[in-house]
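Not measured: the values here are computed from a predicted model. Read the numbers this way: they start at 1 and go in the same order the structure lists the ligands and their atoms.
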Amino acid sequence: MADEANRAELLSLAEEVGEHLSYLRELGVDFLESAGTIDPDTTATQGDHRSAPAKSPAPDARRSAALQRNAEAEARGQRKPPADSPRAATAANHAPPPRRGEDEKTPPDALYQLDQTASTERAKMPTKRKPVRTPDPVPPPPQETLFGEITPKDELSLPREGETYEDIRKDIGECMRCPLCCEGRSKVVHSEGNPKARLMFVGEAPGADEDASGRPFVGRAGQLLNKIVEAIGMKREDVFIGNVNRCRPANNRTPTAAEAATCKPFLLREIALLRPDVIVVLGNTAMKNLLDTKEGITKLRGHFMDYKGIKVMPTFHPAYLLRDPSKKRETWEDMKKVREYLNKTKSEK
Ligand code: URA
Ligand code: URA
């Protein structure tokens with residue numbers, strides 16, 4: 001029985017190696033074949049079938065040039081990976097080809113836009129998933145945004161002419177771009193609110209209640225945020241609310257700078273669409289991740305920053321106010337400045 005299973009596994013590995021070779025051939029990399037046959041036994045015992053090509057001679061200039069040309073063309077969208085090649089399922093990533101039995105016809109952006117069936121399957125799995133950490137071979141160039149230059153992780157993070165909020169959500173998809181995809185998140189928590197809001201709030205990342213409901217700021221901190229909004233004579237439905245990171249970190253840990261940088265482009269696209277008059281950033285982490293400041297919230301709160309015509313007011317995070325209610329006074333002072341600015345600009349319009 002064990003022999004049977006081993007044999008099937010070896011056959012499957014040999015097939016994958018064959019797929020690799022045929023794809024490399026399409027790329028114009030033919031020297032691998034002359035390097036002798038690839039022994040599935042050896043590759044299997046190495047535990048990683050991707051190490052097979054390492055038996056071949058060091059990459060020559062022709063191979064590097066061909067790979068580079070194709071990667072660039074793929075990144076520009078001018079060239080699609082061959083439909084029947086393993087890369088067709090993994091787009092511009094260097095992820096391994098699909099194993100037998102897996103869907104090999106998945107579209108090129110499958111890593112970002114997993115289909116409904118796949119997400120249902122994943123929902124059933126209690127195990128942790130692996131994040132897709134492999135960088136694009138040719139990352140998109142940095143883009144100028146409201147908050148300075150960002151280097152998006154992939155083409156889908158880039159703003160597009162005439163896009164809608166829905167387009168941005170679609171690009172995010174069942175996101176696997178950063179490790180937060182895979183440490184217990186149940187829902188990607190998107191921004192919500194009035195698509196014409198003049199006031200926007202930006203938090204850090206969802207907590208347990210947000211993760212369960214798929215909506216930002218609905219837990220205790222959210223209830224307090226609603227009161228803060230009402231305190232300046234507005235309703236939650238009037239404003240727009242989002243987070244720098246859209247997935248809940250395990251045990252509510254602080255998202256890393258890299259995780260924030262991965263998710264931030266989508267928020268910046270929403271800000272570019274909304275163009276609110278004022279953005280209130282909530283707490284140290286959101287402020288540092290959005291504004292790239294070195295100073296802390298205690299120093300910067302209460303002072304408007306001006307970013308390309310949008311006023312940004314940092315204030316304390318409502319979760320912090322729940323822990324230390326004596327700080328509510330400062331946030332109230334900050335919100336009065338926001339109200340004053342909104343009233344002033346309204347009468348000017
Ligand atoms: N804290 C945040 O920063 N964001 C939420 O959505 C909820 C709590
Ligand atoms: N520290 C934070 O992270 N946020 C606050 O709002 C205050 C202190």
Ligand-residue contact atoms, ligand 2 with Y320, heavy atoms, under 4.0 Å: 5 (C), 6 (O), 7 (C), 8 (C)
Within the 6.0 Å centroid threshold, strictly below: Y341 and F304: yes
Smallest separation among heavy atoms of P318 and A221, with atom names: CB-O, 3.5 Å
Which residue and heavy atom of the protein sit nearest atom 2 (C) of ligand 1, plus the separation: A205 O, 3.0 Å
Within reach of ligand 1, part of P318 (heavy-atom separation under 4.0 Å): neither
Test of proximity, P206 against ligand 1: N or O pairs below 3.5 Å: no
Protein heavy-atom partner closest to atom 4 (N) of ligand 1 - residue, atom, separation in Å: N243 OD1, 2.7 Å
Enclosure of K227 NZ (heavy-atom neighbours >12, cutoff 6.0 Å): no
Ligand-residue contact atoms, ligand 1 with P216, heavy atoms, under 4.0 Å: 6 (O)
Side chain to side chain donor-acceptor pair (under 3.5 Å) between D154 and S157, intermediate numbers included: CA-CA 6 Å; D154 56 56; S157 342; 3.0 Å; yes
Option with minimal heavy-atom separation from atom 7 (C) of ligand 1, where the choices are R215, R246, E210: E210
Ligand 2-proximal atoms of N284, by part, heavy-atom distance under 4.0 Å: both
Close N or O approach (F217, ligand 1; < 3.5 Å): yes
Other residues, nucleotides, ligands: >12 heavy atoms within 6.0 Å of R253 CZ: yes
Atoms in ligand 1 with a heavy atom of G203 nearer than 4.0 Å: 3 (O)
Within 6.0 angstrom of E340 CD, more than 12 heavy atoms from elsewhere: no
Within 6.0 Å of CG in D324, more than 12 heavy atoms from elsewhere: yes
Nearest-0.5 Å distance, NE2 of residue H317 to CD of residue E204: 6.0 Å
Subset of ligand 2 atoms that lie under 4.0 Å from at least one heavy atom of H317: 5 (C), 6 (O)
